[in-house]
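Before any comments, here is the structure.
Keep in mind it's a predicted model, so treat the numbers as computed, not measured.
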Amino acid sequence: MNIIQGSYSRFERNLLAAAYYTSNRMEKSSITLEEIAGNYEIDLDLRWVKTALGHFNEIGWSKEKMHSGTLHEQRIWLTAEGIKEAESLIERDMVRLHRSDTVDSVDWTGQPPNKYLTEEKREKLLDLLREAESRLDEADLGNSERSQTLAYITAVRALAESPEPPADLIWELISRANNISGVAALFVSIIGLFT
């Protein structure tokens, strides 16, 4: 199943979100369409891609302009406004992306593939938890949702600091926290660690 479901508007939203996720996953600002297609199923229709990328550049969502090279070499570099728009679409559940991996246990079981976090992932997770906690006050949340989200962050941090951080339990807590209305944007990068 491709992420394009028959409308240009949906294609544009999904392309923006796929660029956002791919950039986070690869930890680089400027990414190619080939890199996006390597992470997500996407039909690179030349006409729609040109229209979307022209629009992204025109309204300030991407720093990259269309070039005369091959389509797969075309780059997207999301600006702060482009990142905010992608997060808004994700938070409002307006995108449907499908991983292009042939088999990814996270996709079909909802569980991370490893029993314990590696040291590298643990350090990255702790950094992302600190960032999520610092951005919590910016989120449009009521007192109850804010307190619940903070409780999940605290619990995940405690598990991540344990001698053998249990990936499955951490994943479960992050998934539950991500279901709280208004906090999805805070957990996008954290979820990216497990996908």
Side-chain angles (χ1 to χ4, degrees), residues 3 13-29 31 36 39-40 61 78-101 103-195:
I3 64 170
R13 290 192 306 265
N14 287 336
L15 179 61
L16 185 66
Y20 172 85
Y21 279 126
T22 302
S23 178
N24 283 349
R25 188 174 194 199
M26 299 187 79
E27 297 183 346
K28 53 192 220 179
S29 299
I31 53 172
I36 293 171
N39 283 283
Y40 296 97
W61 288 352
L78 296 181
T79 63
E81 289 305 313
I83 291 169
K84 285 186 215 173
E85 179 64 21
E87 288 177 345
S88 174
L89 291 170
I90 293 162
E91 194 167 286
R92 291 181 286 148
D93 200 26
M94 294 185 67
V95 292
R96 289 286 178 265
L97 298 175
H98 301 283
R99 294 290 304 277
S100 59
D101 304 338
V103 176
D104 188 338
S105 65
V106 174
D107 290 341
W108 55 269
T109 66
Q111 299 295 320
N114 300 318
K115 187 173 181 180
Y116 302 109
L117 291 183
T118 64
E119 186 60 32
E120 180 183 342
K121 280 194 175 184
R122 179 208 325 235
E123 292 303 318
K124 182 74 172 166
L125 175 60
L126 289 170
D127 288 342
L128 292 172
L129 288 170
R130 282 189 284 276
E131 181 183 330
E133 188 172 358
S134 69
R135 291 178 53 205
L136 193 54
D137 288 336
E138 301 168 14
D140 185 21
L141 299 171
N143 289 336
S144 176
E145 290 88 358
R146 183 173 276 105
S147 295
Q148 188 66 34
T149 303
L150 184 57
Y152 280 124
I153 290 172
T154 303
V156 170
R157 182 183 298 115
L159 288 169
E161 290 172 343
S162 68
E164 293 183 332
D168 57 345
L169 188 51
I170 289 171
W171 172 254
E172 175 66 25
L173 290 172
I174 288 168
S175 298
R176 287 185 183 201
N178 193 49
N179 288 330
I180 297 173
S181 179
V183 302
L186 297 176
F187 288 92
V188 169
S189 296
I190 295 173
I191 288 171
L193 279 177
F194 293 89
T195 60

Using a cut-off of 6.0 Å, state whether more than 12 heavy atoms not belonging to R176 lie near its atom CZ.
no

Could you walk me through whether L78 and L16 satisfy the side-chain contact (heavy atoms from CB on, under 4.5 Å) test, starting with their C-alpha distance in whole Å, then the side-chain angles of each, then the deciding distance to 0.1 Å, before giving a yes or no?
CA-CA 8 Å; L78 296 181; L16 185 66; 3.5 Å; yes

4.5 Å side-chain heavy-atom contact, T154 and E133
no

Any chance you could measure I83, atom CD1, to S29, atom OG, to the nearest 0.5 Å?
7.5 Å

How about N24 and Y20: do any of their side-chain heavy atoms sit closer than 4.5 Å?
yes

Flag yes if more than 12 heavy atoms outside E119 fall under 6.0 Å of its CD atom; otherwise flag no.
yes

Show the nearest heavy-atom pair for residues P163 and R122, with the distance to one decimal.
O-NH2, 3.8 Å

Between K124 and D127, does any NZ, NE, NH1 or NH2 come within less than 4.0 Å of an OD or OE carboxylate oxygen?
no

CZ/R130 to CG/L125 distance, rounded to the nearest 0.5 angstrom?
9.5 Å

Kindly compute the distance separating CD1 (I31) from CZ (R25), expressed to the nearest 0.5 Å.
11.5 Å

Can you confirm whether L128 sits close enough to I174 that some side-chain heavy atom of one is under 4.5 Å from a side-chain heavy atom of the other?
no

T22 side chain vs A19 backbone, donor-acceptor pair below 3.5 Å:
no

Shortest non-hydrogen pair, A86 vs A17, comes out as CB-CA, 4.5 Å

Once you round to the nearest 0.5 Å, how far does CD of E161 lie from CG of L129?
9.0 Å

Is the closest side-chain heavy-atom distance between I90 and Y21 below 4.5 Å?
yes

Nearest heavy atoms of W61 and E85, plus distance in Å
CZ2-CG, 3.3 Å

Contact check, side chains of R146 and L150, non-hydrogen atoms, under 4.5 Å:
no

For P165 and A160 the tightest heavy-atom approach is CG-O, 3.5 Å

Measuring from atom CZ of R157 to atom CG of L173, what distance do you get when rounded to the nearest 0.5 angstrom?
13.0 Å

The reported gap from CG in L136 to CD in E138 (rounded to nearest 0.5 angstrom) is 9.5 Å

